[in-house]
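The structure appears below as structure tokens.
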Amino acid sequence: MLLLHDWPSGIIDPADAGDFEHQRRSPSHEAVGNAYARLLVDALRPRLVLCGHLHKPYRGYVRHPTGELTTVCCLDEVAQGPDSVALFQVTQAGIRELTG
């Protein structure tokens, strides 16, 4: 598990592009995120990344050349409601999100 402030770049699904156009100084969905955060995710290949910064809830993925998948959970401020926070259970068997 990796905790980052900024989102790693390249996690926005093209189907969600409209939700990110011209928001937070990003002219397009491809400009969302931080290239250095992405380099860290690519190097460490954690199973889960938690991040904030944009104050927008979003779930994305990074698929590594090895086939491994990193889940990226972007969180909002708690005052924005239940979709803004996430609760995970970490065991030796793995990491799973707990849902209501």
Side-chain angles (χ1 to χ4, degrees):
M1 185 176 350
L2 178 64
L3 178 63
L4 298 172
H5 176 76
D6 205 352
W7 297 21
S9 60
I11 65 164
I12 307 300
D13 187 306
D16 299 326
D19 293 338
F20 291 90
E21 299 296 317
H22 305 291
Q23 290 187 5
R24 299 269 181 185
R25 298 178 298 277
S26 295
S28 79
H29 74 283
E30 294 171 335
V32 173
N34 181 292
Y36 294 108
R38 176 58 183 258
L39 286 172
L40 189 58
V41 171
D42 287 340
L44 298 176
R45 296 187 314 271
R47 293 181 60 200
L48 175 64
V49 172
L50 302 173
C51 54
H53 186 67
L54 296 181
H55 299 279
K56 181 177 181 75
Y58 187 75
R59 301 302 168 90
Y61 300 92
V62 172
R63 185 170 303 280
H64 303 284
T66 60
E68 294 170 283
L69 192 66
T70 293
T71 299
V72 181
C73 179
C74 307
L75 304 171
D76 198 349
E77 58 187 271
V78 175
Q80 298 302 317
D83 289 340
S84 302
V85 296
L87 182 62
F88 293 88
Q89 180 180 36
V90 180
T91 66
Q92 288 187 351
I95 300 171
R96 71 179 183 97
E97 186 168 4
L98 303 175
T99 57

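With sequence neighbours excluded, the residues that form a side-chain contact (heavy atoms from CB on, under 4.5 Å) with Y61 are L69, T71. Applying the side-chain contact (heavy atoms from CB on, under 4.5 Å) rule to A86 yields the partners R59, C73, L75, F88, E97; only residues at least two apart in sequence or on another chain are considered. The side-chain contact (heavy atoms from CB on, under 4.5 Å) search around R45 returns H64, T66, E68, not counting sequence neighbours.
Neither L3 nor L44 shares a network with the other; the hydrophobic side chains, linked directly or stepwise wherever heavy atoms of I, L, V, M, F, W or Y lie under 4.5 Å apart, form separate groups for each. Cluster annotation: L48 is not connected to V62 through the hydrophobic network of ILVMFWY side chains, with a link wherever side-chain heavy atoms come within less than 4.5 Å.
Across all their heavy atoms, D6 and A37 have their closest contact at O-CB, 4.3 Å. Across every non-hydrogen atom of V41 and P46, the tightest pair is O-CD, 3.6 Å.
Note that the CZ atom of R96 and the CG atom of L87 stand 9.5 Å from one another [nearest 0.5 Å]. How far CG of L40 is from CG of N34: 10.0 Å, rounded to the nearest 0.5 Å. How far SG of C51 is from CD1 of I11: 5.5 Å, rounded to the nearest 0.5 Å.
Note on ring orientation: taking the six-membered ring where Trp is involved, the planes of Y58 and W7 are parallel (angle under 30°, cut-offs 30° and 60°).
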